[in-house]
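Reminder, nothing fancy here: chain letters follow the sequence lines and each chain counts from 1. Every heavy atom of this structure was used, including side-chain atoms; hydrogens, water molecules and symmetry mates were not.
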Number of protein chains: 2
Amino acid sequence: MPAKKNNTPVEPTIKDIPKLYNILTDEEKEYLLDNHTTIHYKKNDIIYQEGEKPTGLLCLGEGKVKIFKEGVSRRDQIIRMATAPDFIGYRALFAEEMHIASSEVIEPSTIFHVPKKVIYNLMKTNPALSMAFIKSFASELGFARYRTVTLTQKHIRGRLAESLCVLKDIYGFEEDQQTLAVYLSREDLANFSNMTTSNAIRTLSSFVNEKVLAVNGRVIKILDSDTLHRISRLG
Amino acid sequence: MPAKKNNTPVEPTIKDIPKLYNILTDEEKEYLLDNHTTIHYKKNDIIYQEGEKPTGLLCLGEGKVKIFKEGVSRRDQIIRMATAPDFIGYRALFAEEMHIASSEVIEPSTIFHVPKKVIYNLMKTNPALSMAFIKSFASELGFARYRTVTLTQKHIRGRLAESLCVLKDIYGFEEDQQTLAVYLSREDLANFSNMTTSNAIRTLSSFVNEKVLAVNGRVIKILDSDTLHRISRLG
DNA sequence: AAATTTGTATGTTATATAACATAGTTTTAT
DNA sequence: ATAAAACTATGTTATATAACATACAAATTT
């Protein structure tokens, strides 16, 4: 196993997905441990693609992935940024539909694949597990609706500011408590904020001029969090 | 009980919510029948408002309601149009959050209120019920994401055309197989399509000129469904 | 190391749509 | 019945943002 540059000490296991593992009985835990596979992905790998059929529950044990939908005229829209220990691709699984979005790795990731049959069996015996998925769905749906309104109604500055706040909530800061702990291209930032890449670059630059951010390549420091939130709030 | 002008013959009961009632055991059915209330609403009534705390599961037994979020600058956005026998307000219930949207009656409606405790008890004993909610959530989340992309990326004509197609899917046609079986103000149509009222009126007029629609007040006839779908698809 | 590709930066122009204005029409309230 | 309010219609103007263009920088490939 290669040495890690970050401070994650050990290889993650499916035990690191608490909202799945922790609510199981000992017997169920054993069943899960015996019936899942671990897959490692490197940056830019595609985990699944729009139109494919889900085969099981995917749990992000480590890493960062983006989930995006192909837009009307080839302009992608990032609908979700996931982090460990999130479930991914489970909407299509439970809806019994094809994936309506694709999933691409942003940072080297470890994924646990629990076959559909296995997860359904667990849900039959454990009501708390179903409840956990219901909770996940309810909160994702809330977020999706909130975003629909803001992405359609806020102006560019508000949208980008909001996206940065959301990224901060999801990934947090590095040790300096300023640097966003996710490193996206301007294009990804644009696709997450519903704007063109040019406008993401431009707006980022004006935030730097206004001393709200400091930007160096993909490294974004939030210097004035209050102002950033205010810009986001006012639209 | 007043005579009905439409062909719904009888007062609905909670037995008319199949995805809830039909999956229960006899014992559970009795428990549900004994532990819910029926509320009648008239047009323009508010069922619940953004910020309120849900107290139970609401099932729309009859009628039509709109669910909308207050936008950034007082511009409402209709995020869902519901019809019997839909669940409403259940996202906030299961997320254990305040409502993030408001619900207003479009057509006289009958709603069954199942106290939170009761629905949770039923879910504990009946895994199929949880599964039904998971399915509901998964399909709503899919729709929400699809709409986020189209409302942000399609042009006005495409957005309005899509909204009309969606309304057709939800409410269907009247007996003539042409007239949309829901009668919305231009403002509601606009708020459902992410545009100003003026632009909804204007675009509706151009669809009439193009013989795609026939419009008389709030009565909308879809004359050329293929073209309408094409306009929606091309954005 | 050179060449190619990909990403970033910034200026200019075009355009879709909001904002505003006015008026006619229908519905609701007094 | 009349007044008031809400809704619909259409024309004009303003503006936010996309589209396009060019250049430079960084990363990747040969």
*Asks:* I need the CD1-C1' distance between A/Ile156 and D/dT17, as an integer number of Å.
*Replies:* 5 Å

*Asks:* Can you check the B/Asn194 CG to C/dA18 C1' distance for me, whole Å?
*Replies:* 11 Å

*Asks:* In whole angstrom, give the distance that lies between atom CZ of A/Arg186 and atom C1' of C/dA9.
*Replies:* 9 Å

*Asks:* Near DNA chain D, which residues from residues 158-168 of chain B have a heavy atom under 4.0 Å away?
*Replies:* none

*Asks:* In whole angstrom, give the distance that lies between atom NE2 of B/His155 and atom C1' of D/dA16.
*Replies:* 14 Å

*Asks:* Taking atom CG of B/Asn216 as the centre, does the number of heavy atoms from other residues, nucleotides or ligands within less than 6.0 Å exceed 12?
*Replies:* no

*Asks:* Can you find a side-chain donor-acceptor pair between B/Glu11 and B/His40 that sits under 3.5 Å?
*Replies:* yes

*Asks:* Would you check, one step at a time, whether the test side chain to side chain contact (heavy atoms under 4.5 Å, CB included) holds for A/Arg218 with A/Ser185?
*Replies:* CA-CA 6 Å; A/Arg218 294 189 178 190; A/Ser185 67; 3.3 Å; yes

*Asks:* Between atom CD in B/Gln153 and atom C1' in C/dT17, what is the gap in whole Å?
*Replies:* 17 Å

*Asks:* Roughly, in whole Å, what's the span from OH in A/Tyr183 to P in D/dA27?
*Replies:* 15 Å

*Asks:* Parallel under 30°, tilted from 30 to 60°, perpendicular over 60°: which one fits the rings of A/Phe112 and A/His36?
*Replies:* perpendicular

*Asks:* Report the residues that fulfil side-chain contact (heavy atoms from CB on, under 4.5 Å) with B/Thr179, sequence neighbours left out, ordered by chain and then residue number.
*Replies:* B/Glu174, B/Asp176, B/Tyr183, B/Val219, B/Lys221

*Asks:* Taking atom types as modelled and ignoring hydrogens, do the side chains of A/Gln77 and B/Thr148 form a donor-acceptor contact shorter than 3.5 angstrom?
*Replies:* no

*Asks:* Between residues 195-208 of chain B and DNA chain C, which residues have a heavy-atom gap below 4.0 Å?
*Replies:* B/Met195, B/Thr196, B/Ser198, B/Asn199, B/Arg202

*Asks:* Nearest-Å distance, CD (B/Gln77) to C1' (C/dA18)?
*Replies:* 15 Å

